[in-house]
Structure formats: C-alpha cells, structure tokens
Amino acid sequence: TDSAADSLAIAWTAPSTPDLAGFRLYVDGALDQSPAAGDTSASLTGLTAGGVYAIGLSSVDTEDNESASTPLKAYTWLAHPAPVTVTPLHEGLILSWPPATPAAHVLQYRVYLDAAAPFTSVEGRTPALAVGANSTSANLPGLNNDQTYHLAVTAVTKSSGEDPTVVSTPGTPEEDT
C-alpha cells in the first residue's frame, strides 16, 4: 500500500487461474470496489487523514465463488508534530516536539537536517536519524558551532507512510559559556 493524507493506493498480484472474474475490495468490512480480473491496483479516496483502515481483497471466479480475504491495516498520513523546539548545545542540537495524533498510529519519527538552506519537502532526502514512536525528542551531536542548520521532524505511520511536505526549523549550535 501507498498512502497519502486522504487516500490509499492498494496493489496486488493477480492469481493465475483461468476462471478469474475479478476482485472485491473491502474497507472496514464493507464492499468498496469490484476491480476487474485484469486489474492489479485500486485507489481509495476521500479517507480521513491520520486514519487506520482494514483493507481486504478477495478474488472472485466466473461462478461467483469468492476467496477468503485477509485484512491488512493501512494508515493515511499523520500531521507532523508541531511546533518543533530547537535547543542549542555545544556542537549539537536537541529537538523536541509534541506527539503526533493519534499516537497509536505512529511507527517512528524521522529527523531531517540540511546544513545549507531551509526546505519544504523530505522527498529524496535521507533522515539524519529516526526515533521510536514513544520519543518526543532527539539529540543531534557532532554539528558545527555557529552554523545554522535547518531541521524537520516527520511522523511515520505504522504502514510506513510519511507526508513529504514539511516546514523546516532553524537551529544553531553554540559554544558553551
């Protein structure tokens, strides 16, 4: 599954049975769509951000026999924690943030850092570190004093979905006084 704030994209491998007539896609136990036999993906739209959905897919043959469906939990993107507070240290920074909600849907938080400029997307970026779902702070050691860094914290769902849009926050390590 791929996720977004209000949608999920579901993909599957079709069985190689000659009498395959199609599929039935269930959301939270209710039939949502009936994809054709040649389909291998579907989009679910109009969902709630930060939601969890039980997704089930079954195959249907030409006699209308339906296979068993094993539900999969899928999560839409969470809002990123805000505000992110940056506390300067000697050659480091401490970041802290409130927990994302609903907290039960958080797999981890990722911290992104850019030494050059503010950024608005984490797409294609590698996180500087990741911390567990119960953490609401991170320590970034090994930075240069008097250099401004730009940082962002994202909430990653239990189905590994992450909104790439962020607002970075500046922080500058300082000499001890």
Side-chain angles (χ1 to χ4, degrees), residues 1-12 25-33 35 41-57 69-89 92-143 147-174:
T1 46
D2 284 331
S3 61
D6 63 355
S7 64
L8 295 167
I10 311 298
W12 61 87
L25 181 61
Y26 296 89
V27 178
D28 293 335
L31 180 63
D32 185 82
Q33 298 176 35
S41 65
S43 294
L44 303 172
T45 59
L47 305 177
T48 303
V52 59
Y53 297 90
I55 309 298
L57 180 73
S69 167
T70 303
L72 159 78
K73 281 189 179 180
Y75 299 80
T76 52
W77 291 343
L78 296 163
H80 297 313
V84 174
T85 303
V86 181
T87 304
L89 300 173
L93 297 168
I94 294 177
L95 279 67
S96 57
W97 56 86
T101 56
H105 299 183
V106 177
L107 172 67
Q108 65 180 348
Y109 294 99
R110 291 181 183 157
V111 177
Y112 292 87
L113 177 143
D114 192 313
F119 56 98
T120 58
S121 176
V122 297
E123 194 165 340
R125 293 178 180 268
T126 301
L129 64 99
V131 297
N134 295 324
S135 297
T136 56
S137 66
N139 186 0
L140 294 168
L143 304 177
Q147 178 179 347
T148 299
Y149 294 87
H150 305 276
L151 309 127
V153 176
T154 64
V156 180
T157 68
K158 288 185 175 178
S159 55
S160 299
E162 172 187 41
D163 184 351
T165 304
V166 296
V167 176
S168 62
T169 302
T172 306
E174 301 172 352

Closest non-hydrogen atom pair, [X] against [Y]:
X      : Y      : value
Leu107 : Thr157 : CB-O, 3.2 Å
Trp12  : Pro35  : CH2-CG, 3.9 Å
Gln147 : Tyr149 : O-CD1, 3.2 Å
Pro98  : Pro81  : O-CB, 3.0 Å
Ser69  : Pro71  : O-CD, 3.6 Å

Between Ser7 and Thr45, do the side chains contain an N or O donor and an N or O acceptor separated by less than 3.5 Å?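 Result is no, nothing qualifies.
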
Going by heavy atoms in the side chains, are Ile55 and Tyr26 under 4.5 Å from each other?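 Result no, sub-4.5 Å side-chain heavy-atom pair not found.
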
Any side-chain heavy-atom pair of Leu89 and Ile94 under 4.5 Å: yes

Please check: side-chain N/O of [X] versus main-chain N/O of [Y], any donor-acceptor pairing under 3.5 Å?
X      : Y      : result
His80  : Ala155 : yes
Gln33  : Ser43  : yes
Ser3   : Leu8   : no
Asp28  : Ala54  : yes
Lys158 : Ala104 : yes

Nearest 0.5 Å, please: how far is [atom2] in [Y] from [atom1] in [X]?
X      : Y      : atom1 : atom2 : value
Thr165 : Trp77  : OG1   : CH2   : 6.5 Å
His150 : Thr120 : NE2   : OG1   : 12.5 Å
Thr76  : Leu44  : OG1   : CG    : 11.0 Å
His105 : Leu78  : NE2   : CG    : 7.5 Å
Leu113 : Leu95  : CG    : CG    : 8.5 Å
Ser168 : Leu151 : OG    : CG    : 8.0 Å

Residue pair Tyr109, Trp97: steps toward the side-chain contact (heavy atoms from CB on, under 4.5 Å) verdict: CA-CA 10 Å; Tyr109 294 99; Trp97 56 86; 3.7 Å; yes

CA sep, side-chain torsions, deciding dist, call: Phe119, Val166, side-chain contact (heavy atoms from CB on, under 4.5 Å): CA-CA 7 Å; Phe119 56 98; Val166 296; 3.8 Å; yes

Before you tell me yes or no, could you show the steps for Thr87 and Leu93 under side-chain contact (heavy atoms from CB on, under 4.5 Å), namely the whole-Å CA-CA distance, both residues' side-chain angles and the distance that decides it to 0.1 Å? CA-CA 6 Å; Thr87 304; Leu93 297 168; over 6 Å; no

Under 3.5 Å, which donor-acceptor pairs link side chains of residues 122-143 to any protein atom two or more places apart or in another chain?
unit_1 : atom_1 : unit_2 : atom_2 : d
Arg125 : NE     : Ser121 : O      : 3.0
Arg125 : NH1    : Asp114 : OD2    : 2.9
Arg125 : NH2    : Asp114 : OD2    : 3.2

